Structures are given as structure tokens and as C-alpha cells.
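I have placed the structure first, in the form of C-alpha cells, so that the comments after it can refer back to it.
Just so you know, these numbers come straight off a predicted model, no measurement behind them.
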Amino acid sequence: NKTKTMTAKSFFLSVIFSTSTLPFTLSTNFAETRLFLRAEDDRLIRPTPTEQTLINQNTEACGEGLDSAFATVILPEINYPRWDAAASVITLCTNQNPRNRARLWQFGDALHRALVAMGRNIITQEGVTWVAAAAAFETIESAIIESPENHDLFMKADVVGAVMHAMSLPCRGASYCHLAQMRAALVIEALTASYCFTETGDCEWEYDHNLKHVELEPHMTIKFDPEQVRLNIIHNRELLTHLIEMACSGPIDEEPDDELYPWPSRAKFNQGSAKVKTIKPWAAAAALRNLALSPAAHGAIAPAFKCLCDLTRSPDALEEVKGEETINRLGFQEGDCPRLYDERCMDLDGWRDSEGDDCQTYEVNRWCAEYGEKEDQRGVIADDACCACGGGSTKQQMLK
């Protein structure tokens with residue numbers, strides 16, 4: 001379309017960037033551009049960019065660098081590591097940046113089709129293809145947020161089909177498969193999110209027990225609501241089953257370890273964290289959370305209720321919040337969940353750890369997974385003394 005091309009060109013020429021802070025050549029080194037934009041932010045999961053990343057978005061890294069990344073992603077020559085780095089640059093430039101998000105749809109649908117293909121073209125035994133797929137899905141998620149134009153172009157490119165393909169493949173042991181599947185679930189979250197005319201674009205919902213579905217808070221107005229997309233995914237039983245199974249593989253219940261047992265909110269970029277299945281359940285819950293905006297989803301998601309309840313008790317903030325928000329949108333409260341332990345259970349009388357914290361404090365703060373081995377002055381650990389940690393009265397009897 002000639003008009004669209006002229007508009008895009010005018011847009012690119014109107015943006016003025018600073019080049020003085022870049023110690024590398026943009027057109028040839030996406031890996032360095034990625035590190036520059038990350039600005040020492042080593043989080044694997046970044047709900048929001050750091051202040052320094054936002055500053056670096058206003059350099060040529062997201063000017064010429066973003067244009068070069070677009071051109072690289074659509075190249076037909078297979079180069080997974082370069083695709084991965086280029087897609088990551090696009091993600092970092094578009095995160096909380098509506099101007100740069102708009103540049104994707106202004107560039108044209110070839111970019112959307114290429115990113116979806118990158119997410120779909122996975123060779124199970126080749127980790128490099130999983131890494132590229134994860135980068136593509138992260139880019140797609142970032143581009144969709146508050147952008148109906150990108151949302152529509154990715155739907156036309158069959159992004160849901162690519163997500164379903166990635167989630168249907170088996171993950172064997174420590175593998176970047178887990179990272180790709182986490183990112184794929186977050187694409188579903190982005191595709192099914194509603195946006196409002198607010199400063200952040202977020203909408204606030206409240207479950208109406210008379211109408212038996214969620215209602216938008218009266219002071220808010222919908223800007224974009226993809227209800228038909230939600231309905232299509234709800235009726236896609238295979239994909240919905242994958243999401244429920246992924247959510248039900250949580251919550252985390254062991255002490256965190258960056259390499260062997262990462263907690264999602266603490267997982268680190270470029271470490272073993274990206275290869276472990278514990279990073280996935282919260283993302284599936286996030287997708288179910290947005291699907292629950294549709295009344296049609298409630299019966300379909302019902303099999304996941306206990307799993308979602310388990311997530312609400314997670315010591316990890318991402319799992320806890322997504323679990324709570326999902327059961328709230330289904331019309332339940334945390335008090336409707338099954339009890340964590342038998343009501344007849346009694347904590348070991350007088351138990352306090354070396355810092356003076358008792359079993360109730362452990363339960364409220366969800367400390368059992370991380371600090372369950374802490375002892376009191378008698379040498380009894382929290383895991384044995386506290387009902388919330390799996391101990392309590394039955395363990396007391398064993399100690400007598």
C-alpha cells in the first residue's frame with residue numbers, strides 16, 4: 001500500500017535519536033545492542049523495563065537498530081542465533097513504548113508472519129530453535145499490548161496455531177523448551193487481554209455474583225476487547241488443556257536455586273533458570289486469568305480450580321497473584337479453596353525459629369519452601385513443627 005509506505009517513512013524520519021552512547025556498530029551486532037538495552041537488568045521475566053532501559057530506548061539502538069532488527073527477522077536465510085538477538089532487540093525497544101510498537105504494524109505484515117514462523121519452526125532436539133521461538137513469542141507478546149493493529153496482524157498470521165504447536169511438544173529434562181512454552185502462554189495472555197482508557201491501559205474488573213460474570217468497574221471505559229479471540233481459544237480444547245496442565249504443574253514448593261529450581265519472579269537471564277519447568281505455571285495462570293473474563297470460560301476452566309488455589313499459596317509473587325486474580329474472576333475467593341492442612345492439626349507448642357518467628361508467621365508469609373529447615377532452640381525444624389509446612393500434630397507425636 002503506497003499510502004501506508006509513505007506514512008511509515010515519514011514516521012521513521014520524524015524520530016530523532018541520540019547516537020553518542022553506543023560503543024558498537026548497530027547493523028552488525030544485535031547481541032551487543034540487546035545487552036545495551038537490557039542495561040544490566042538480569043531478570044528473565046520483566047513485567048516492566050528498568051529506568052535505564054527506558055532511557056536507552058531513546059538512542060539509535062531503537063532507531064537504526066530497530067530498523068535493522070526488522071530487516072533481519074524477515075530474511076529467508078536461516079540463522080537462529082541472529083534471529084534470536086534481533087527479536088530480543090525488538091522486544092526491548094517496544095516494551096512500554098507505544099511509538100515503537102506502532103513501527104511494527106507500519107513496517108508491514110511480513111514482519112508479523114516472520115515472527116510467527118520463528119515461533120512455529122521448532123526442531124525438538126535443537127535447543128537453538130527453542131531459544132529463537134522463545135524470543136519470537138516474547139516479541140509478539142510485547143508488540144500486542146495495547147496495539148489492536150499488531151493484534152490483528154498476528155492473528156491473521158495464525159499466531160494461535162504457532163503457540164499450540166509449541167505447547168504440544170514434549171519438554172525433556174533441562175531444556176529451553178520450558179522458556180518457549182512460558183513465552184507462548186504469555187502470548188495467549190496478551191491476545192486475550194482487554195484494555196481501557198486509563199493511563200496504563202489496564203482495566204479493573206469485579207465479579208458480579210448476581211450476573212455470574214465479571215463486570216468492568218463503572219468509572220472505566222473499554223478501549224479494546226478481544227472477546228471473540230477468547231471464545232475461539234476457549235473452544236480450542238487442545239490448547240486449553242495444555243494451559244490447564246501447565247498451571248497445574250505448579251506451584252513451586254522448594255528452596256530457590258537459580259540453576260536447578262528457579263522461582264519465576266527471581267529467575268535470571270542467561271542462567272539455567274530458562275531451562276527449568278518451574279518458570280511456566282504462573283504464565284499459564286496468567287492466560288487463564290484473561291480467558292476467565294468470558295463467562296463461557298468458567299465451566300471450561302473449572303478443572304483447574306484446585307490447581308489455581310494451590311498457586312494462591314505459592315511463596316512466589318507471580319504465581320500467587322495470577323492464581324488469586326484467576327479464581328476471583330471465576331467468582332471465588334481464596335476462602336473457597338480447600339484447606340491447606342487438616343483443621344485438627346496443631347503446631348508444635350512454643351515453636352519459634354532463631355529469629356523469633358512462629359508457625360503463624362511462616363504460614364502468613366509463605367516461608368516454608370525457603371526456610372522450612374530453620375530450627376528452634378530444641379533443634380526442631382519448621383517443616384516438622386508447623387502445620388502449614390507439612391508438620392504439626394502428627395509430627396509432634398513422632399517427636400515424643
Side-chain angles (χ1 to χ4, degrees), residues 45 163-164 166-171 177-189 191-193 205 207 212-214 230 233-256 261-267 276-343 363 366 368-370 372 387-390:
I45 299 159
V163 165
M164 190 165 69
M167 294 187 71
S168 69
L169 297 173
C171 293
C177 168
H178 299 298
L179 177 64
Q181 291 185 349
M182 181 196 78
R183 299 292 186 201
L186 293 176
V187 168
I188 299 299
E189 180 198 25
L191 286 171
T192 54
W205 304 91
Y207 189 85
K212 298 191 182 304
H213 60 74
V214 292
R230 285 195 287 266
I233 293 172
I234 291 162
H235 293 128
N236 186 329
R237 293 299 179 183
E238 182 180 354
L239 178 54
L240 192 62
T241 298
H242 287 313
L243 289 170
I244 289 174
E245 289 177 349
M246 187 183 293
C248 288
S249 67
I252 55 99
D253 59 2
E254 296 179 19
E255 188 175 350
Y261 199 86
W263 290 12
S265 63
R266 304 186 194 181
V276 185
K277 64 181 181 180
T278 55
I279 63 175
K280 297 192 295 187
W282 80 275
L288 295 175
R289 162 183 170 269
N290 283 346
L291 289 172
L293 291 173
S294 173
H298 293 197
I301 298 175
F305 177 67
K306 184 182 181 303
C307 304
L308 294 167
C309 285
D310 291 340
L311 289 177
T312 67
R313 295 159 177 157
S314 172
D316 185 85
L318 285 171
E319 290 187 340
E320 177 192 359
V321 169
K322 299 306 179 185
E324 286 181 356
E325 291 179 344
T326 307
I327 65 170
N328 288 342
R329 290 182 180 183
L330 292 172
F332 299 99
Q333 301 295 326
E334 192 173 349
D336 296 319
C337 291
R339 288 183 60 88
L340 179 61
Y341 51 85
D342 192 307
E343 61 183 4
E363 181 173 0
R366 298 173 170 84
C368 297
E370 191 165 10
C387 297
C389 299

**Asked** Do any pairs count as a salt bridge (Lys or Arg N to Asp or Glu O under 4.0 Å) and have a residue in residues 276-305, sequence neighbours left out, and if so which ones?
**Response**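 Residue pairs with at least one partner in residues 276-305: Glu189-Arg289, Arg289-Glu325.
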**Prompt:** Measuring from Asn290:CG to Trp205:CH2, what's the distance to the nearest 0.5 Å?
**Reply:**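 Those atoms lie 9.5 Å apart.
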**Distance (rounded to the nearest 0.5 Å) between Met182 CE and Leu186 CG** =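 The CE atom of Met182 sits 5.5 Å away from the CG atom of Leu186.
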**Message:** Going by ring-ring contact (aromatic ring centres under 6.0 Å, His included), name the pairs with one or both residues in residues 299-340, residues two or more places apart or in two chains.
**Reply:**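 Those involving residues 299-340 are Phe305-Phe332.
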**Request:** Could you tell me which non-hydrogen atom of Cys309 sits nearest to which non-hydrogen atom of Pro338, and how far apart they are?
**Result:**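 Heavy atoms of Cys309 and Pro338 come nearest at SG-CD, 4.0 Å.
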**Prompt:** Closest approach of Ala285 and Thr326, non-hydrogen atoms and distance?
**Reply:**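 Minimum heavy-atom separation between Ala285 and Thr326: O-OG1, 3.2 Å.
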**Asked** Quick one: side-chain hydrogen bond (donor to acceptor under 3.5 Å, both in side chains) partners of Glu324, sequence neighbours excluded?
**Response**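 For Glu324, no residue satisfies side-chain hydrogen bond (donor to acceptor under 3.5 Å, both in side chains) once neighbours in sequence are set aside.
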**For Asp342, all residues meeting side-chain hydrogen bond (donor to acceptor under 3.5 Å, both in side chains), sequence neighbours excluded** =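 Listed in chain order: Arg344.
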Listing, residues 238-256 side-chain donor-acceptor contacts under 3.5 Å, not counting sequence neighbours, or none:
{"unit_1": "Thr241", "atom_1": "OG1", "unit_2": "Arg237", "atom_2": "O", "d": "2.7"}
{"unit_1": "Ser249", "atom_1": "OG", "unit_2": "Met246", "atom_2": "O", "d": "2.6"}
{"unit_1": "Asp253", "atom_1": "OD1", "unit_2": "Tyr261", "atom_2": "OH", "d": "3.0"}

**Request:** Check whether any side-chain heavy atom of Pro315 lies under 4.5 Å from a side-chain heavy atom of Glu370, and answer yes or no.
**Result:**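 Counting from C-beta outward, Pro315 and Glu370 never come under 4.5 Å.
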**Request:** State, with a plain yes or no, whether a side-chain heavy atom of Val163 is found less than 4.5 Å away from one of Leu191.
**Result:**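 No, side chains not in contact.
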**Request:** Please identify each residue that fulfils side-chain contact (heavy atoms from CB on, under 4.5 Å) with Ala267, with sequence neighbours left out.
**Result:**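 Ala267: side-chain contact (heavy atoms from CB on, under 4.5 Å) contacts with Leu44, Pro262, Ser273, Ile279.
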**Message:** Ala388: which residues meet the side-chain contact (heavy atoms from CB on, under 4.5 Å) condition with it, sequence neighbours left out?
**Reply:**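 If we apply the side-chain contact (heavy atoms from CB on, under 4.5 Å) test to Ala388, skipping adjacent residues, the hits are Leu340, Tyr341, Glu363, Cys368.
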Please output the side-chain donor-acceptor pairs of residues 291-301 that fall under 3.5 Å, not counting sequence neighbours, one pair per line with the distance.
{"unit_1": "Ser294", "atom_1": "OG", "unit_2": "Glu227", "atom_2": "OE2", "d": "2.8"}
{"unit_1": "Ser294", "atom_1": "OG", "unit_2": "Ala296", "atom_2": "N", "d": "3.3"}
{"unit_1": "His298", "atom_1": "NE2", "unit_2": "Ala292", "atom_2": "O", "d": "3.0"}
{"unit_1": "His298", "atom_1": "NE2", "unit_2": "Arg329", "atom_2": "O", "d": "3.4"}

**Item:** Summary of side chain to side chain donor-acceptor pair (under 3.5 Å) pairs that have at least one residue in residues 305-320, sequence neighbours excluded
**Value:**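 Passing the test, one end in residues 305-320: Ser265-Asp316, Lys306-Asp310, Ser314-Glu319, Glu320-Arg366.
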